[in-house]
Amino acid sequence: MENKRPRYYYSDRRYIIAGAVLALLLIFAVRLFFLQIVSDDYRKWADSNAFQRRTLYPSRGVIYDRNGQLLVYNQPSYDVMVVLREIRHFDTLDFCSTVGITKEFFDSRITAIKNANANRYIPQVFMSQLSAAEYGVLQEKFYKFPGFYIRNRALREYGCLNGANVLGSLGEVTRKDIEKDDYYTPGDHSGRSGVERSYERTLRGEKGVEILLRDVHGRIKGKYDDGKQDVAPVSGKNITLSIDMELQAYGEKLMQNKPGAIVMIEPSTGEVLCLVSSPSYDPGLLIGRQRGDNHQMLERDPLRPLLDRSIMGSYSPGSTFKPAQALIFLQEGVVTKDKTYSCELGYPYLGGHPRCHSHHSPISLVPSLATSCNAYYCWGLHDMLDSRSRYGSVQEAFEVWKNHIVAQGFGFPLGIDLPGERRGYIPNSSVYDRAYNKRWNSSSIISIAIGQGEVSATPLQICNLAATIANRGYYIVPHAVREIQDSELDGLYRTRKYTGIRREYYEYVAEGMRMAVTAGTCGKMYMPGLEVCGKTGTVQNPHGRDHSACIAFAPMNSPRIAVVVYAENGGWGAEVSVPVARLMLEKYFYGEIPYGDKWLEYRMQNWSTLPGSVNYIKKVKSDEE
């Protein structure tokens, strides 16, 4: 019997086949649209056959000191680049031998690039920072290694061995850097510390691009469109620092084996002439392919040379804080220039502690600064915080005190143009409310009257106090960069910041600091013909010998420079910090150390405050006796 199918059966099958063909055509159309319009993989593949785009790196801006000495410049360097898609079979052992690596390193590096999902059409960094000699050897054999290219770069070179904390260093960018700024690609370098980091956008310049034609075998045949489509790189801008590198180097020499800092500021401009952090290191350690190993070595050093103590060290200011206290007491009417306090018994509300040094009693403001009288400032803080005739509560009084301290540059970063500046610490009344369940008075926190207890500051902030006194009531935000090629500095570094304290009160404090040099604790800073104003500080240290500190500015009535010296474990303020400050001032004003102070220079250069050193052990014994 003949098997007959209904006529509509063939009609339906026709529609099914037509639908399948249409669906297939639609899939092809969508795929073509995706490849040619949405995705750029096809275009990259096509372009990579015909063109090679080479990034042209700009020359990074160079760095000078204030006297025109070239500090940081560029030297040729070369990166080995690889295009994964173009790698073909070649003698990898020959390649490894030529560039001085092992086969294991070669395999691991290629694997790492692949695992990073690197674009197969774009050159990736295989090795960075080859020297000119290494490049010369490789260049002769490049034709043997398909897929590998050379990218010309510039490597930083340092013209001095000092100022590593200020100059900073470069390092390879991270994935986060690339995500934040599309200027960077893998293998690029950017500033990681110091001026190199804070002025990265100024120094780096703008990249260019060179488009080259290739034949079917991948060989370069010349420039596309005679180079008309190329974009030339724009060099970075040069920078002139406010730092005097000769002064910086001398300070680092004096601070050998003395962890601590020296800061020198020009009060009239806020320019930082010296920013010593001890111990320091050779900035040349952090360039080239050994950068990583050297950085780890410095990180493991127990003395922490990578910590910039000048702006990151947070210390109790000790008696260098007393001028700031005196100014607050005067402004708030707590004391007058002539008001006296008895200090024979110290501060009796705490059993006579803290005690005073040996000097006459009662004592007024100017000689209290000269002799660094502890009791005077404890009484002053007592009368301010516990006075209900002026303020409604101890909390209200303390907030007034805190606001005055902050206005003098403490408690917050000053805003220096270097990364990593710490804020120090100035508590507010709520801190003590929590600590004492709102039941506290001046005696509960009396140690802050002499710069101890909860308050802390950076050496930069303490030096800024000296600059503010020198200016009689204002400061300009300290900055390490003096000039930028074809650019203006941020207006922040031109603006005066006033403290709100009357000028005449600064005159009293300056008078007291001058007396400290002529007849007080800063006697070792006395120099005939130069009116130096100073203040010592001896800071209690629960972990060893006391820290030694001092501030100074000179001349008294037409100040040109302010300085702070902070020496960890240095003992009395006049023991280490005052002699070092004297030598720094002599170097600044005279250019060399007078013959009569050569012995002092030799002594300070060879003095050590490191635990275990001969000086340290002798001083600990004498302190105990």
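- In this structure, Arg66 pairs ionically with Glu271, as a charged nitrogen and a carboxylate oxygen lie closer than 4.0 Å.
- Residues Glu454 and Tyr432 approach most closely at OE1-OH, 2.7 Å, considering heavy atoms.
- Two residues are said to be in side-chain contact when any heavy atoms from C-beta on lie closer than 4.5 Å; Ile448 and Trp401 meet this criterion.
- Ser442 and Leu385 make their closest contact through CB-CB, 3.9 Å (heavy atoms, listed as atom of the first residue, atom of the second, distance).
- Between the side chain of Thr499 and the backbone N or O of Gln408, no donor-acceptor pair lies under 3.5 Å.
- The aromatic rings of Trp440 and Phe398 sit perpendicular to each other, their planes meeting at more than 60°, with 30° as the lower class boundary.
- Side chain of Glu421 to main chain of Met312: no donor-acceptor pair is present (N/O by atom type, distance under 3.5 Å, no hydrogens or angles).
- Taking the charged nitrogens against the carboxylate oxygens, Glu179 and Lys176 have no contact shorter than 4.0 Å, which rules out a salt bridge.
- With a 6.0 Å radius and a threshold of 12 heavy atoms from other residues, nucleotides or ligands, Arg304 has its CZ atom at or below the threshold.
- Lys438 contributes no side-chain N or O that, together with a main-chain N or O of Arg434, makes up a donor-acceptor pair within less than 3.5 Å.
- Ion pairing between Glu507 and Arg503 holds under the 4.0 Å rule for side-chain N and carboxylate O.
- When Leu285, Ile287, Ile63 are each tested for a side-chain contact (heavy atoms from CB on, under 4.5 Å) with Tyr158, only one passes: Ile287.
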Q. Could you walk me through whether Asp383 and Tyr341 pass the side-chain hydrogen bond (donor to acceptor under 3.5 Å, both in side chains) check?
A. CA-CA 11 Å; Asp383 285 358; Tyr341 286 115; 2.7 Å; yes

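- Counted within 6.0 Å of CD on Glu246, heavy atoms from surrounding residues, nucleotides or ligands total 12 or fewer; the atom is thus considered open.
- Both the sub-6.0 Å distance and the 45° axial angle are not jointly satisfied by Arg472 relative to the ring of Tyr506.
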Q: Please report the C-alpha distance between Lys322 and Asn374 in whole Å, then the side-chain angles of each, then the deciding distance to 0.1 Å, and finally whether the side-chain hydrogen bond (donor to acceptor under 3.5 Å, both in side chains) criterion is met.
A: CA-CA 9 Å; Lys322 289 174 181 174; Asn374 286 332; 2.7 Å; yes

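- Asp177 pairs with exactly one of Arg192, Arg204, Arg197 by the salt bridge (Lys or Arg N to Asp or Glu O under 4.0 Å) rule, that one being Arg192.
- A donor-acceptor contact shorter than 3.5 Å links the side chain of Asn541 to the backbone of Arg545.
- Using a distance-only test at 3.5 Å, with no hydrogens or angles considered, no donor-acceptor pair links the side chain of Gln69 to the main chain of Met245.
- Atom CZ of Arg201 has 12 or fewer heavy atoms from other residues, nucleotides or ligands within 6.0 Å.
- Side-chain atoms of Gln461 come within 3.5 Å of backbone N or O of Thr458 as a donor-acceptor pair.
- Classification of the Trp379-His382 ring pair by plane angle, with boundaries at 30° and 60°, yields perpendicular.
- Between Val335 and Leu365, the closest side-chain pair of non-hydrogen atoms falls below 4.5 Å.
- Considering all non-hydrogen atoms of both residues, Ala510 and Phe553 come closest at CB-CZ, 4.0 Å.
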Q: Begin with the C-alpha distance, continue with both residues' side-chain angles, and end with the deciding distance and a verdict on salt bridge (Lys or Arg N to Asp or Glu O under 4.0 Å) for Glu511 and Arg514.
A: CA-CA 5 Å; Glu511 184 181 345; Arg514 176 59 183 158; over 6 Å; no

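- Between Tyr315 and His547, the ring-plane angle classifies as perpendicular under the 30° and 60° cut-offs.
- Considering all non-hydrogen atoms of both residues, Val394 and Arg388 come closest at N-NH2, 3.4 Å.
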Q: For side-chain contact (heavy atoms from CB on, under 4.5 Å), just list the numbers for Arg309 and Glu568, CA-CA rounded to whole Å, side-chain angles, deciding distance to a tenth of an Å, and then say yes or no.
A: CA-CA 10 Å; Arg309 286 169 165 83; Glu568 298 176 15; 3.0 Å; yes

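- Environment of CD in Glu488: sparse, with no more than 12 heavy atoms of neighbouring residues, nucleotides or ligands closer than 6.0 Å.
- Crowding of Lys337 atom NZ: a count of heavy atoms from other residues, nucleotides or ligands under 6.0 Å exceeding 12.
- Other residues, nucleotides and ligands place more than 12 heavy atoms under 6.0 Å from the NZ atom of Lys587.
- Under the 3.5 Å distance criterion, the side-chain polar atoms of Glu396 are matched with a main-chain donor or acceptor of Gly392.
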Q.
Please evaluate residues Gln248 and Glu252 with respect to the criterion side-chain hydrogen bond (donor to acceptor under 3.5 Å, both in side chains), reporting the C-alpha separation (whole Å), side-chain torsions for both, the decisive distance (0.1 Å), and the verdict.
A. CA-CA 6 Å; Gln248 176 83 15; Glu252 290 184 15; 3.1 Å; yes

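- Not one N or O on the side chain of Ser319 forms a donor-acceptor pair closer than 3.5 Å with the backbone of Ser372.
- Annotation: side chain of Leu241 is in contact with side chain of Leu71 (closest heavy-atom distance under 4.5 Å).
- Between the side chain of Asn441 and the backbone N or O of Ser443, at least one donor-acceptor pair lies under 3.5 Å.
- Aromatic ring centres of Tyr425 and Phe410 lie farther apart than the 6.0 Å criterion allows.
- Salt bridge annotation for Arg60-Glu200: present, with a cationic side-chain nitrogen under 4.0 angstrom from a carboxylate oxygen.
- Using modelled atom types, one side-chain atom of Gln325 and one backbone atom of Ala449 make a donor-acceptor pair closer than 3.5 Å.
- Across Thr536 and Cys522, no two heavy atoms sit closer than the pair CG2-SG, 3.4 Å.
- Closest approach of Asp417 and His479 over heavy atoms only: OD1-CA, 3.3 Å.
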Q | Candidate pair Lys339 and Ser364, rule side-chain hydrogen bond (donor to acceptor under 3.5 Å, both in side chains), full reasoning | A | CA-CA 5 Å; Lys339 181 174 182 177; Ser364 61; over 6 Å; no

